[in-house]
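Contents: one structure, followed by commentary.
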Number of protein chains: 2
Amino acid sequence: MTGPRGGMLELAVLGSLHETPLHGYELRKRLNTLLGMFRAFSYGSLYPCLRALLNDGLITEEEPPADTVIGRRSKIVYKLTAEGKERLHELLTQSGPSSWEDESFGIRFAFFGHTEAEVRLRILEGRRSRLEERLDSVRTALARTRERLDSYTLELQRHGLESVEREVRWLNELIDSERRGATAREDPSTTTEPPHVVQDGTKRADTPEADK
Amino acid sequence: MTGPRGGMLELAVLGSLHETPLHGYELRKRLNTLLGMFRAFSYGSLYPCLRALLNDGLITEEEPPADTVIGRRSKIVYKLTAEGKERLHELLTQSGPSSWEDESFGIRFAFFGHTEAEVRLRILEGRRSRLEERLDSVRTALARTRERLDSYTLELQRHGLESVEREVRWLNELIDSERRGATAREDPSTTTEPPHVVQDGTKRADTPEADK
DNA sequence: CGCAGATGTATCGAACCGATACATCCGCAG
DNA sequence: CTGCGGATGTATCGGTTCGATACATCTGCG
C-alpha cells in the first residue's frame, strides 16, 4: 500500500543512511560503489523508494543549516529516524530464503558488518545450499542431454558451472572463517569484527533447510 | 501495444522453438537447461510472451494428431511460423548494446550456433569492453575510498573483481578462438561451425533417449 | 482405491531498469 | 565577463520480469 518497499532497496537505503545522512544522487553512488560488481540500482527505483520510506516515517528530510538562502532548495538530504533504525535492525535480523538469492545476497553481505554472527552464518550457508542445489540440477540435466547440445551451449554451461563452483569454494572459506571466529569471544558492544578470511580446500558440512 | 516482446524472452522462445515445437512447460525446462546457471525464466513472463507472439503471428498452435479424443485439450504445442523464423533471423543479426548486458549476453551466447561469425565477434567484444569499463569504475572508486570500507565490504569487492576478471579472460580466449577460426575458410552455406571450443574430460556416451 | 508428485496452463502484484527530462552548479576557454 | 560543457541533482514513465499462487490432469505406487 505504501509503495515499493518489499525489495532489497529498502535495506540498501536504510543501511547506507545508517552511516551518514545523504541525498539521492550521492546515495546511489555510494550504494553502487558498496555493491561493486554485484548490483547497480537506478534512479527509477531509488526515488520512489525514498518517497515511500519518507511516507512511512522511516527517514526524514534533514533540516538545512540556518544560513541557507530562503527561497532556495536544491539538495534534499535524508536521514534515518528512530523508527527507521528499528526497521533496519529488524531487516538485518531476518535470514529467510530471500537473503540468499542472486540479487539479494550481495546486499546482505555488504552489511555483514552490522549483522549478528549467527545470522551471517545462516545466510552464508543458505547461499551455499542454494548454489549447490542449482549445481545438482544443472549437472543432472547436462548428463541427460549431453550429446544434443552444440559446442557453444556446452561452453556456456562449462563456464557457468565453473563460476558457481568457484563461488561455493569462496563461501566455504567464509563459513570456515566465521565458525572459527564465532565461538572465540562474545562482544556485542563493538562493531562485529569479521574474522579474517583464510583459505582451505573443500569443506563439506550439512546445510540448514534447503529450499522451501 | 502487442505485449511483452522487447526483452530477451522473445529471442529465447523463438530460438528454442526453431529446433522443435514445444509446449510451455517443456519450453521453460529446455530454456533453463540451455542457459544453465545464467538465467531462469518464470511462467509469469513466459506465458504472456507466448500469447503476444501468438498474437503477432510469429508462432502458432500446432494441430493435434487426428486420433486425439475430441473434447480433450491439454497440451498446447507451439511452433514457429515463417514470419517467426524471419523475426528470429532478424534478432540474431542485431548486435546492439542490449546484447552484452548481464541478462542478455547469456542468451545471445546460447544461440551462437545460429549466429553469423561477424556478429558473434562484435557481441563478445562488446561484452568484454562492458566488463572492462565496469572494472575501471569500480577500481578507481575503490582506490578513492579504500580505508572507509569495512572488511566484509572489501571482501565482497575483491570477490566481485576477481569474478569479472575471470570472465574477461574467458572472453579473451573465446575471441582469440573466433578470430583464428574466422579467416580460415569462408563457408556461409553450412551451419556455422564453432571454432574449437575447450573440451571437457567427462565422457558420458550412454543414456539413450530417456526424455520425450 | 486414493493420494502424492510430476506435468501443464494461467494470472496478478510487486520490483526494478533504462531512457528521458529538466534544473543547477562550477571550471575554464574565448 | 560570457557562455558552454560536464558533473551534480531530482523526478517520472513504460516496460520487463519475478514470485507466489491457483487449479486441473496424468501417472506411478502402496
Side-chain angles (χ1 to χ4, degrees), chain A residues 1-13 22-32 35 38-54 61 64 68-69 71-78 96-104 106-107 130 137 211-212, chain B residues 1-13 22-32 35 38-54 61 64 68-69 71-78 96-104 106-107 130 137 141 210-212:
Chain A
M1 212 66 59
T2 20
R5 260 203 31 255
M8 279 298 118
L9 240 184
E10 180 182 15
L11 172 58
V13 169
L22 290 170
H23 49 103
Y25 188 84
E26 206 175 0
L27 178 54
R28 179 186 191 248
K29 280 201 344 192
R30 276 269 233 279
L31 217 41
N32 291 345
L35 299 179
F38 282 97
R39 190 90 197 235
F41 288 107
S42 77
Y43 295 122
S45 21
L46 181 56
Y47 282 110
C49 177
L50 283 173
R51 202 185 319 123
L53 291 174
L54 198 56
E61 298 188 21
T68 312
V69 182
R72 299 287 272 86
R73 174 60 58 132
S74 182
K75 295 186 184 184
I76 305 178
V77 179
Y78 299 98
S98 45
S99 302
W100 45 70
E101 288 309 311
D102 290 329
E103 336 77 48
S104 338
I107 300 181
R130 180 77 186 78
S137 93
D211 200 14
K212 299 178 172 56
Chain B
M1 256 353 112
T2 18
R5 261 202 32 253
M8 278 298 117
L9 239 184
E10 180 182 15
L11 172 57
V13 168
L22 290 170
H23 51 101
Y25 188 84
E26 206 174 0
L27 179 55
R28 179 186 191 249
K29 280 201 342 192
R30 277 273 231 279
L31 218 41
N32 291 346
L35 299 178
F38 282 96
R39 189 91 198 236
F41 288 107
S42 76
Y43 295 123
S45 22
L46 182 55
Y47 281 111
C49 178
L50 283 172
R51 202 185 320 124
L53 291 175
L54 199 55
E61 297 188 21
T68 312
V69 182
R72 300 287 273 84
R73 175 60 56 133
S74 181
K75 295 185 183 184
I76 306 177
V77 179
Y78 299 97
S98 44
S99 303
W100 46 68
E101 288 308 311
D102 290 329
E103 337 78 47
S104 339
I107 301 181
R130 180 76 186 79
S137 93
D211 205 13
K212 60 169 176 174

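Throughout, protein chains are lettered first and strands after them, A, B, ... in sequence-line order, and every chain is numbered starting at 1.
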So which one's nearest nucleotide on DNA chain C is more toward 5', B:Val77 or A:Leu46?
->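 Per heavy-atom nearest nucleotide, the more 5' residue is B:Val77.
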
Does the side chain of [X] get closer than 4.0 angstrom to OP1 or OP2 of [N] through an N or O atom?
X: A:Ser45; N: C:dC16; value: no
X: A:Tyr47; N: D:dT10; value: yes
X: B:Arg28; N: C:dT7; value: no
X: A:Tyr43; N: D:dA11; value: no

Checking all strands, does B:Gly24 fall into the base, sugar-phosphate, or nothing category for heavy-atom contacts under 4.0 angstrom?
->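 The answer is sugar-phosphate, as B:Gly24 gets under 4.0 Å only of primed atoms, P, OP1 or OP2.
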
Gap between atoms [atom1] and [atom2], on [X] and [N] respectively (whole Å):
X: A:His23; N: D:dA7; atom1: NE2; atom2: P; value: 16 Å
X: A:Asp102; N: D:dT17; atom1: CG; atom2: P; value: 16 Å
X: A:Leu50; N: D:dG9; atom1: CG; atom2: P; value: 14 Å
X: A:Ile76; N: C:dC22; atom1: CD1; atom2: P; value: 19 Å
X: B:Leu54; N: C:dA10; atom1: CG; atom2: P; value: 10 Å

Just compare [options] and give me whichever is closest to any side-chain atom of [X].
X: A:Ser42; options: C:dG18, D:dT17, C:dC16; value: C:dG18
X: A:Lys29; options: C:dT7, D:dT8, C:dC16; value: D:dT8
X: B:Lys75; options: C:dT9, D:dG9, D:dT8; value: C:dT9
X: B:Tyr25; options: D:dG9, C:dC17, C:dT9; value: C:dT9

Do A:Arg39 side-chain atoms and A:Glu103 backbone N/O form a donor-acceptor pair below 3.5 Å?
->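 Confirmed, A:Arg39 side chain pairs with A:Glu103 backbone.
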
Residues in side chain to side chain contact (heavy atoms under 4.5 Å, CB included) contact with A:Tyr43, at least two apart in sequence or another chain =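 Scan of A:Tyr43 (side chain to side chain contact (heavy atoms under 4.5 Å, CB included), adjacent residues dropped) gives A:Tyr25, A:Arg28, A:Leu46, A:Tyr47.
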
In Å, rounded to the nearest 0.5 Å, how long is the span from CD of B:Glu61 to OH of B:Tyr78?
->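 With rounding to 0.5 Å, CD (B:Glu61) is 5.5 Å from OH (B:Tyr78).
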
Results of side-chain hydrogen bond (donor to acceptor under 3.5 Å, both in side chains) for A:Ser104 - residues two or more places apart only |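 Result, side-chain hydrogen bond (donor to acceptor under 3.5 Å, both in side chains) vs A:Ser104: none returned.
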
What are the two closest non-hydrogen atoms of A:Asn32 and A:Ala40, and how far apart are they?
->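 Heavy-atom minimum between the residues: OD1-CA, 3.3 Å.
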
